[in-house]
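Below is one structure, written out as structure tokens; the observations come after it.
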Amino acid sequence: MKRLTLFALAITLIATVFAAKTPYQAVLQHSRIRGRPHGPNVCAMQKIQGTDKKYFTNCKQWYHRKICGKPTVVSYECCPGYEKVIGEKGCPAALPLVNIYKTLGVVGATTTKMYSERAKLQEEIEGPGSFTFFAPSNEAWAALPTEILDALVSNVNIELLNALHYHMINKRLTSDDLKHGVAFPSMYQDFDVHIHHYPNGIVTVNCARLVKTDQHATNGIVHVVDRVITAITNNVNSFIDTDDDLDTLRTAVAAAGLTNLLESEGSYTIFAPTNEAFEKIPPETLTRILGDPVALKDLLNYHILKNLHCSESIVAGTPMETLQGTVLEVGCDGDEMTLNGKAIVTQRDKLGTNGVIHYVNELLIPDSAKTLLELAEGSVVTTASKLFKDAGLTDHLIGTEAVTLLAPLNDAFKDKSLTMTPDLKKLLRNHILKEKFSSKSLYHGQELETLGGSKLRVFVFRNSLCIENACIAAHDKNGRFANMFIVDKILAPPMGTVMDVLKADDRFSTLVGAIQRAGLTELLNKKGTYTFFAPTNAAFSAMPPTDLNKLMRDPKELANLLRYHIGEEFLVSGAVTSHTRVKPLTGDKLELGTRNSTIYVNRAPVVETDLMATNGVVHVVDVIIKPLPPKIVSDQAEGSTIRRTSAVRAGTQVMNNDDLFQKVLRSHSSRTMSRVQ
């Protein structure tokens, strides 16, 4: 019964959301459904703890019980247009339909009502007409700076009247009519008010959030907003031109040729870096970017979103596309607006005719404006960055060469000696490719030339893209002139054939002798793509001496055993998943898996991986690998499988069951049943 109730609720939610005309209506209907157990026309509201901010609830906010990362308290209130009746459940009565002036009192906008009377607006909003009034809440008036409020109410009331008229439109507009991106002429000199209706159900007018909507009156409609709005007359470039705190930004915009864009029609969001933000950048970095028109344009476009987003529209972290082509995560943390998780927004909602400006005190530098060294520093490859500098490769990391850096993760250097030696310098040079590559353009079998003169092979697996033994562990970092691939291991370029690798390692002296006795030397020296799970001397020593001697005297049996350790296809450790299979040269498939960062082959641990060769790769094992016991597999129905498995496991029990059946047939009850039939 409980499941049916939950299912019915889910169906109701889905149906009502799809029936809603606008995002706001969808959120309102969700709030109605959540409030329904408390009576008719009750809406569930979520209030951020420690603030007066309330929101109608949506599914995500309802289950997380958070808005802007802060916990919320759920309350149940009358939905817009309804009121309580003493002695009855919920909010069964519609609010009385009166004129706008009286409606202001009904919805609690008493300060707006008082100022309407003082500004001689009362008669107009009590009389005939069809108006929309965006009425500031009492808290909105209280939040105005004292000097601004004094100027409004002391100038023979004309300024107050003009301000209130700017909150009015000379026709009735419900929330359904408040479409995203539209503008309506106000009743103050026809200056436009700008509407934004966001997918999360938030509706704003000049970036003020509508907190109570659709309060109908006999001569119009009232929407309560959370701030006093002012007339918008200038574009966003005018703000930048006239604010001394944006001097450096003004110079940068002009140098990048973006002035015309910021003066043209549009609907942009600009995160404007202050002078302080530019001063935080190292002088050499700032000089380089300001002197490079391409990097400068990318940097500025990274601060501009394609669409207008007022701060009140943000209730959770959301990735948003910039003009530069990548995304910023715009979010919030309580009352703070955040960018990429950092609370760096100092002023918000400077609205212009073609966008909105939010001031930031930290410069956001996109990867496309960075050098290789800047890409590496402050990331997960700082150890590699330091080593490249120690190896004298800094010029390649800060210059204009079109190269690709293969940067191992910091974890790749654990338990490794970081002392700079000639061999380490050579190895690090092999981590820089001579061309600028994108990982999307790499293909299986491709060879990439390095500054060190080596040629590295590309291997494409189902879930991995690897260059030799190092697999790419993150998205490409595309810098100004060069790119960076973050890889999971230090590169190990091939050092000869598989046979050469084994001969060069004392751990495999027994194995090398066995290969020669089995006649497999030529195989492991010729061209191929082998994966050799190579047993160490310890693996052979662990065999009983008689068995080992017998094996070594039988070249055919020895060859079969060794061929079972050699996979037909090339496989590095980074391509092994929880269920990977390799076909050996002889026998059934080898089964590989991973557990606690260790790779297992037929349940035997691999003690060292990725000894790279020109014709394959060697993985080290300390045991002789044996085939796994066969699994019982059935293509019949599950019940049949169970019966057959039981029979296999307990053949004698089947016979006992037959004996029992015969006893039943001979029993008194069975004979009685036969006579009855």
request  = For the pair Asn275 (side chain) and Asp247 (backbone), establish whether a donor and an acceptor sit closer than 3.5 Å, ignoring hydrogens and angles.
outcome  = yes

message = Check the SG atoms of Cys79 against those of Cys43: under 2.5 Å or not?
response = yes

query = Taking NZ, NE, NH1 and NH2 as the nitrogens, is one of them in Lys53 or Glu312 under 4.0 Å from a carboxylate oxygen of the other?
reply = yes

inquiry  = List the residues meeting side chain to side chain contact (heavy atoms under 4.5 Å, CB included) with Gln347, not counting sequence neighbours, and say none if there are none.
reply    = Lys350, Tyr359

ask   = Got Leu249 and Leu300 here, is their nearest side-chain heavy-atom distance under 4.5 Å?
value = yes

message = Between Arg348 and His358 (side chain of the first, backbone of the second, donor and acceptor by atom type, cut-off under 3.5 Å), is there such a pair?
response = no

ask   = Is Asp333 salt-bridged to Lys70, going by a charged N under 4.0 Å from an acidic O?
value = yes

task = State whether the side chain of Thr204 and the backbone N or O of Arg209 hold a donor-acceptor pair below 3.5 Å, judged by distance alone.
result = no

ask   = Going by atom types only, do Ser264 and Asn354 share a side-chain donor-acceptor pair under 3.5 Å?
value = no

key: Residue pair Asp214, Ile221: steps toward the side chain to side chain contact (heavy atoms under 4.5 Å, CB included) verdict   = CA-CA 6 Å; Asp214 296 331; Ile221 195 167; 3.7 Å; yes

query = Do you know which of Leu375, Asp476, Asn478 makes side-chain contact (heavy atoms from CB on, under 4.5 Å) with Asp367?
reply = Leu375

inquiry  = For a side chain to side chain contact (heavy atoms under 4.5 Å, CB included) check, start with the C-alpha distance between Lys297 and Leu258, then their side-chain angles and the critical distance, and finish with the verdict.
reply    = CA-CA 8 Å; Lys297 189 171 184 178; Leu258 292 178; 4.0 Å; yes

remark   = Here the gap from Thr174 atom OG1 to Leu178 atom CG, rounded to the nearest 0.5 Å, amounts to 6.5 Å

task = Answer yes if the ring centres of Phe134 and His223 are under 6.0 angstrom apart, and no otherwise.
result = yes

message = Quick check against the 3.5 Å criterion: does His167 have a side-chain atom that pairs as donor or acceptor with the backbone of Ile229?
response = yes

ask   = Relative to each other, are the rings of His196 and Tyr198 parallel, tilted or perpendicular (30° and 60° limits)?
value = parallel

query = Can you check whether Phe271 and His303 have ring centres sitting under 6.0 Å from each other?
reply = no

ask   = Does the side chain of Ser311 come under 3.5 Å of the side chain of Asp349 through a donor N or O and an acceptor N or O?
value = yes

ask   = How about Glu265: does its CD atom have over 12 heavy atoms from other parts shown lying under 6.0 Å from it?
value = no

ask   = Side chains of Thr57 and Gln46: do they bring a donor and an acceptor to under 3.5 Å?
value = yes

query = Given side chains that start at C-beta, do those of Val330 and Met337 come closer than 4.5 Å, heavy atoms only?
reply = yes

query = Where the side chain of Asn200 meets the backbone of Ile202, is there a donor-acceptor pair that is under 3.5 Å apart?
reply = yes

query = salt bridge (charged side-chain N to carboxylate O under 4.0 Å, His left out) between Glu276 and Lys280: does it pass, once the steps are laid out?
reply = CA-CA 7 Å; Glu276 176 193 358; Lys280 291 179 180 178; 3.7 Å; yes

query = Between OG of Ser130 and CG of Asn170, what distance do you get to the nearest 0.5 Å?
reply = 8.0 Å

request  = Look at the side chain of Glu374 and the backbone N and O of Thr371, then say whether any donor-acceptor pair between them is shorter than 3.5 Å.
outcome  = yes

query = Heavy-atom distance under 4.5 Å between the side chains of His197 and Lys179, does that happen here?
reply = no

note = So CD1 of Ile344 and CG of Leu339: to nearest 0.5 Å the spacing works out to 4.5 Å

query = From Ile67 CD1 over to Lys60 NZ, what is the distance, rounded to the nearest 0.5 angstrom?
reply = 11.5 Å

Any Lys342 side-chain heavy atom under 4.5 Å of Leu364 side chain = no

Side-chain H-bond candidate by donor/acceptor type, Asn237 with Thr259, under 3.5 Å = no

Leu262, Val253, Val356 screened by side-chain contact (heavy atoms from CB on, under 4.5 Å) with Ile270, the one that passes = Leu262

message = Tell me the closest heavy-atom pair linking Ser385 and Leu373, and the distance in Å.
response = OG-CD1, 3.5 Å

key: NZ/NE/NH1/NH2 to OD/OE distance under 4.0 Å, Lys212 and Glu77   = no

request  = Give a yes or no on whether the backbone of Gly129 and the side-chain of Asn219 come within a donor-acceptor separation of less than 3.5 Å.
outcome  = no

query = Does the Thr269 side chain pair with the main chain of Asn307, one donor and one acceptor, at a distance under 3.5 Å?
reply = yes

query = Have Ser368 and Gln324 got a donor and an acceptor in their side chains that come within less than 3.5 Å?
reply = yes

4.5 Å side-chain heavy-atom contact, Thr242 and Asn234 = no

request  = Specify the closest pair of heavy atoms between Phe56 and Tyr24, including all atoms of both residues, with the distance to one decimal.
outcome  = CE1-OH, 3.7 Å

query = Within the distance-only criterion (no hydrogens, no angle test), does the side chain of Asn206 pair as donor or acceptor with the backbone N or O of Val193 below 3.5 angstrom?
reply = no

inquiry  = So for atom CD, which belongs to Glu123, do other residues, nucleotides or ligands contribute more than 12 heavy atoms lying within a distance under 6.0 Å?
reply    = no

remark   = Heavy-atom closest pair (Ala369 atom, Arg288 atom, distance to 0.1 Å) is O-NH2, 3.0 Å

task = Ignoring hydrogens and angles, state whether a donor on the side chain of Asp241 or Ser238 is under 3.5 Å from an acceptor on the partner side chain.
result = no

message = Testing the 3.5 Å rule here: is there a donor-acceptor pair between the side chains of Asn138 and Thr111?
response = yes

